[in-house]
Amino acid sequence: MKKINQTGLAVLEGLLVVVAIFAIGTAAYFAYQNHGAKTVTSESKVPAAKTDPYKGWATYKSTINGLSFRYPANWSSDIKLEVQDTWKTDTGKLTAPDGFEFYVYNNPSGIGGGCSMEEQEDDGCPYVETYSAAPATVSGGSADTYLIKYYLATYPSRRDLGQKTIGLYTLYKGDYDVDAFVKIKEIRSFPPYLIFNKKGAKDDDTGRVWAYGAYPQTFTQSKLPADKYYALPNLIMAEQILKSMKFE
């Protein structure tokens with residue numbers, strides 16, 4: 001019988017130990033990598049926190065009908081309550097640092113005007129063309145309210161007269177003018193009052209609001225084509241103000 005070499009056996013055992021340690025280490029490494037990858041994947045699915053578009057903005061609240069809205073804190077405001085006998089209104093405007101104006105006439109009264117068909121055909125009054133009309137939701141407000149962007153033009157040439165306005169408008173069923181705003185995309189009645197309503201409001205109560213924003217016609221911004229005008233930062237701000245309007 002051949003005698004086993006003790007030294008060779010010891011070397012063999014040592015090699016087996018090294019191999020075992022290497023195998024355990026490799027398995028641990030891949031287990032760690034897989035765990036790390038799962039952790040990263042899990043964290044990547046956490047939704048980002050929503051930013052508040054009105055952070056730092058001021059708030060206006062009416063004492064007449066619960067109307068409230070937000071506006072940039074660096075815009076000046078002269079909106080105030082006016083009382084005439086039994087009639088009350090919040091009226092005034094917000095003014096941006098560059099002169100952009102946003103008017104509020106809460107509970108309007110005495111609104112009239114418009115153009116007759118004869119005046120329209122004789123080019124006796126401006127033509128109002130709707131740039132866009134999108135459904136808008138006003139908390140506590142009437143259904144069929146739209147965010148309207150329009151400009152004044154001559155008729156029939158439709159040359160831009162440099163007055164472009166953004167505001168909210170509640171549709172009165174059967175009213176041709178409002179229907180034209182929303183569907184036909186044009187209207188020749190002037191002036192077109194952008195008035196929206198509190199839910200259940202009637203013409204003779206306090207649930208109506210006239211609110212709109214525009215650069216004065218003397219400003220160079222008013223000469224811009226509608227697509228560029230409505231992309232200006234203060235027009236986007238005005239849209240945010242209108243979207244914040246609600247009745248509490």
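By convention here, the first residue in the shown sequence is residue 1.
When all heavy atoms of L242 and A211 are compared, the closest pair comes out as CD2-O, 4.1 Å. The minimum heavy-atom distance linking M245 with V138 is given by the pair O-CG1, 3.4 Å. The heavy-atom pair separating N107 from T206 by the smallest distance is OD1-CA, 3.5 Å. Across all non-hydrogen atoms, the minimal contact from Q221 to Y229 is O-CD1, 3.2 Å. Minimum heavy-atom separation, N65 to G207: ND2-CA, 4.2 Å. The shortest non-hydrogen separation linking G99 to P216 is O-CD, 3.8 Å.
For the side-chain hydrogen bond (donor to acceptor under 3.5 Å, both in side chains) condition, the pairs that include at least one residue of residues 53-64, sequence neighbours left out, are T59-R70, Y60-D90, S62-D90, S62-N106. Sorted by first then second residue, the salt bridge (Lys or Arg N to Asp or Glu O under 4.0 Å) pairs that include residues 225-247, not counting sequence neighbours, are K149-E239, E239-K243, K246-E248. Residue pairs meeting the ring-ring contact (aromatic ring centres under 6.0 Å, His included) criterion with at least one partner in residues 70-89, sequence neighbours excluded, are W75-F100.
Applying the salt bridge (charged side-chain N to carboxylate O under 4.0 Å, His left out) criterion to K93, with sequence neighbours excluded, gives E101. Considering only residues two or more places apart in sequence or on other chains, I236 meets the side-chain contact (heavy atoms from CB on, under 4.5 Å) condition with none of them. By the side-chain contact (heavy atoms from CB on, under 4.5 Å) test, T165 is found to be paired with Y150, Q163, L194, Y212, A214, residues two or more places apart in sequence or in another chain being considered. The side-chain contact (heavy atoms from CB on, under 4.5 Å) search around D85 returns none, not counting sequence neighbours. Scanning for ring pair (Phe, Tyr, Trp, His ring centres under 6.0 Å) contacts around F219 gives an empty result, with sequence neighbours left out. For Y151, there are no ring pair (Phe, Tyr, Trp, His ring centres under 6.0 Å) partners at least two apart in sequence or on another chain.
The distance from the OG1 atom of T95 to the CG atom of N74 is 11.5 Å, given to the nearest 0.5 Å. Interatomic distance, CG of L152 versus CD of Q217, reported as 6.5 Å (0.5 Å rounding). The CH2 atom of W210 sits 10.5 Å away from atom OG1 of T89, with the distance rounded to the nearest 0.5 Å. Here L147 contributes atom CG and T137 contributes atom OG1; the two are 11.0 Å apart, rounded to the nearest 0.5 Å. To the nearest 0.5 Å, atom CG of residue L232 and atom NZ of residue K164 are 9.5 Å apart.
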* To do: Please assess V209 against I195 for the test side-chain contact (heavy atoms from CB on, under 4.5 Å), listing each intermediate value before the final yes or no.
  => CA-CA 5 Å; V209 181; I195 294 176; 5.9 Å; no
* Tell me, with the steps shown, if Y215 and L235 meet side-chain contact (heavy atoms from CB on, under 4.5 Å). => CA-CA 9 Å; Y215 276 102; L235 270 298; 3.9 Å; yes
* To do: Please report the C-alpha distance between Y169 and T145 in whole Å, then the side-chain angles of each, then the deciding distance to 0.1 Å, and finally whether the side-chain contact (heavy atoms from CB on, under 4.5 Å) criterion is met.
  => CA-CA 5 Å; Y169 207 108; T145 296; over 6 Å; no
* **side-chain contact (heavy atoms from CB on, under 4.5 Å) assessment of V104 paired with F69** => CA-CA 11 Å; V104 176; F69 58 88; 3.9 Å; yes
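For Y131 and Y230, the distance between ring centers is under 6.0 angstrom.
With hydrogens and angles left out, the side-chain atoms of T170 and S142 include no donor and acceptor closer than 3.5 Å.
Here the side chains of D98 and N234 are in contact, with some heavy-atom distance below 4.5 Å.
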